[in-house]
Amino acid sequence: MTRTRFAPSPTGQLHIGGLRTALFAYIWAKKNHGQFLVRIEDTDKTREVEGATDALLDSLELFGIHPDESIRAGGDYGPYIQSERLPLYREHLEKLIEQGDAYYCFTTEEELEAHKKKAEEAGIMIPFRSPYRDITIDEAKAKIAAGEKYVVRMKIPKGETITFFDGLKGKISVPSADIDDQVLLKTDGFPTYHLAMAVDDHLMKITHVLRGDEWLPSTPKHVLLYRMFGWEAPEFYHLSVILGADRKKLSKRNGDTHVSQFLEKWYLKEALLNYIALIGWNSKTTQEIFSLPELIEAFSLEGLQIANGIFDPEKLKWMNSKYIAAMPADELMKTLSDYLKQYNPDFYENTFITHDEVFNRAVITEVQKRCETLADFPALSECFYQEPEVDTALLLSEKMGVTSLEQAKEALQFGLDIIKSFTSTPSRDQLKDAIIPKIAEAGKKNGQILWPLRVALTGKEFSPGAFEMTEILGLEKAIVRIEKVIAKIQ
Ligand code: GLU
């Protein structure tokens, strides 16, 4: 049974890289009809941020990454938060101490500093080997009883090569001489990440560990821990790094990093999820738009890429625009009003809900293909909601063959007469069929009539056309707008 996990530390909001790790782990479990769990790794109390656990879980839910097991969903392998599993770590640590694979260490801060300095001066990595490596358990217990502060360290074997496989990078070998005697239990009585993670992944029956590349250097220690416990290690997949446009690791210095920052910029969660899946994973097809079920279908661990991926905001925008363009009207209306309510309450209250739903729906359907994000909606739809203050100079266009205001006025009157011949609002096609042949009959070019007409209806250099505007605005409003501009020219 495939079991994967996402193991965030509650130190802040969900990062783009974290979302991708969670996504791949989730997809792999789902693809194999297995389980995906979320484990909160809160053993570093100094870095914990209040509310972060809830925010992380909420974010995953929002993106449709629903854990089968978590502090919220429950499960048979809990608790799913490390601070509630301390007795388990203690128990396993005792075992390591008893079998001589870990030891109590009483090294002082000064001694550790001196070691660090020595390595810095030498300009090489000198692995830390404590003078207490061979202390007996009884000696150590006597020191502890006397109130001495201690940590528990891993006893890294001497003169060995630690070998393991990474699903992306292949066989990796590290001499044990390059590995520190890693702290497993800190002075505050909490386990380090390394101990807690190894114990938990085993007890929670994790089969595949998908995690950030930054954990690759720690993996030899994890592999050794598994060996010391006599357990089989899970398969490891260290995901490539996500780089910013400047090819440096994505961070707040070169762009947005938190998932929430993208949502605040009105990116659709489906588009964001789709986009990040393509960073570091190659679908090996030309398909780029994937729903979550399609990702589950198409995903393979072999498609994970070793090369670091670049987060390109322009590509994300493009993808977002594709999602908006393809959204069915009902969903679009719902999503748009949710976004407006949350991120532009002024427009929502004073413009959007003061118009009827049929009108709003017609407007968004008209402009949806031009929205890169839904944040573009208020600007793109302005010509529908507000009567424009038309600058008559815009009525002229050499390219369209409109060279004088008099000519523009005649064109407007020409269009107006045809529009007025309708007793109710014409559809765009009806209006087109009425106007185009008449323009030809009058020996004019389409642009000579349609350009001034469109500008009179919208006041904009770029906007939907005169037929669309009339259909959506309705006969009355369209007539008022055109008449006002004609009056302005006298
Ligand atoms: N708690 C670690 C982190 O937040 C998880 C690393 C892992 O997945 O093993 O990066």
Side-chain angles (χ1 to χ4, degrees), residues 2-29 35-49 51-57 59-60 65 67 69-71 77 79-86 88-89 92 154 164-169 172 182-184 186 190-226 229 231 233-242 249-251 257-259 276 280 301 304:
T2 301
R3 286 175 59 84
T4 63
R5 74 342 182 242
F6 177 52
S9 299
T11 53
Q13 295 187 44
L14 187 60
H15 188 274
I16 284 290
L19 179 62
R20 188 189 60 169
T21 303
L23 175 67
F24 288 164
Y26 172 79
I27 289 177
W28 185 241
Q35 289 106 30
F36 166 75
L37 63 90
V38 173
R39 178 175 73 226
I40 303 297
E41 301 207 323
D42 62 339
T43 54
D44 189 349
K45 287 292 164 193
T46 58
R47 291 177 61 227
E48 196 164 327
V49 170
T53 295
D54 272 326
L56 286 163
L57 292 170
S59 296
L60 294 178
I65 302 176
E69 299 164 30
S70 71
I71 51 172
Y77 300 87
Y80 293 93
I81 180 161
Q82 290 185 328
S83 55
E84 289 177 21
R85 300 173 62 82
L86 300 182
L88 283 168
Y89 307 130
H92 284 87
M154 226 176 140
F164 64 96
F165 283 90
D166 177 80
L168 276 82
K169 287 156 191 144
I172 296 184
Q182 174 66 48
V183 173
L184 297 176
K186 297 177 282 182
F190 274 84
T192 54
Y193 153 74
H194 307 281
L195 174 68
M197 185 264 344
V199 170
D200 287 347
D201 280 349
H202 173 72
L203 295 182
M204 293 180 179
K205 297 204 163 57
I206 299 302
T207 55
H208 298 74
V209 168
L210 279 77
R211 63 182 173 192
D213 199 54
E214 68 272 23
W215 296 108
L216 187 66
S218 303
T219 307
K221 294 173 196 168
H222 304 161
V223 170
L224 259 178
L225 275 174
Y226 277 95
F229 282 121
W231 298 332
E235 287 181 33
F236 293 104
Y237 294 83
H238 289 92
L239 305 172
S240 59
V241 175
I242 302 181
K249 190 173 172 166
L250 190 67
S251 74
T257 54
H258 288 137
V259 166
I276 61 162
L301 291 172
L304 291 174

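Both counts, for ligands and for their atoms, begin at 1 and track the order of listing.
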Are Y193 and E41 close enough that a side-chain donor and a side-chain acceptor fall under 3.5 Å? no

Distance filter under 4.0 Å to R5 heavy atoms, resulting ligand 1 atoms: 7 (C), 8 (O), 9 (O)

Using a 6.0 Å distance limit plus a 45 degree cone around the ring axis, check whether R5 lies over the aromatic ring of Y77. no

Take every heavy atom of S9, measure it against each atom of ligand 1, and state whether any distance is under 4.0 Å. yes

Around atom 10 (O) of ligand 1, find the nearest protein heavy atom and jot down its residue, atom name and distance. W215 NE1, 3.1 Å

Give me the nearest non-hydrogen protein atom to atom 5 (C) of ligand 1 as residue plus atom name, then the distance to 0.1 Å. A7 O, 3.1 Å

Atom 9 (O) of ligand 1 [closest protein heavy-atom partner, distance rounded to 0.1 Å]: Y193 OH, 2.5 Å

Side-chain donor-acceptor pair present, Y89, D200, cut-off under 3.5 Å: yes

Locate the shortest heavy-atom distance separating S251 from T257; write the atom from each residue and the value. C-CG2, 3.2 Å

Nearest-neighbour protein heavy atom for atom 1 (N) of ligand 1, which is reported as residue plus atom name and distance: E41 OE1, 2.6 Å

Determine whether the aromatic ring centres of F36 and H208 lie less than 6.0 Å apart. no

May I ask you to check whether E214 has an N/O atom sitting below 3.5 Å from an N/O atom of ligand 1? no

For the pair D166 (side chain) and I172 (backbone), establish whether a donor and an acceptor sit closer than 3.5 Å, ignoring hydrogens and angles. no

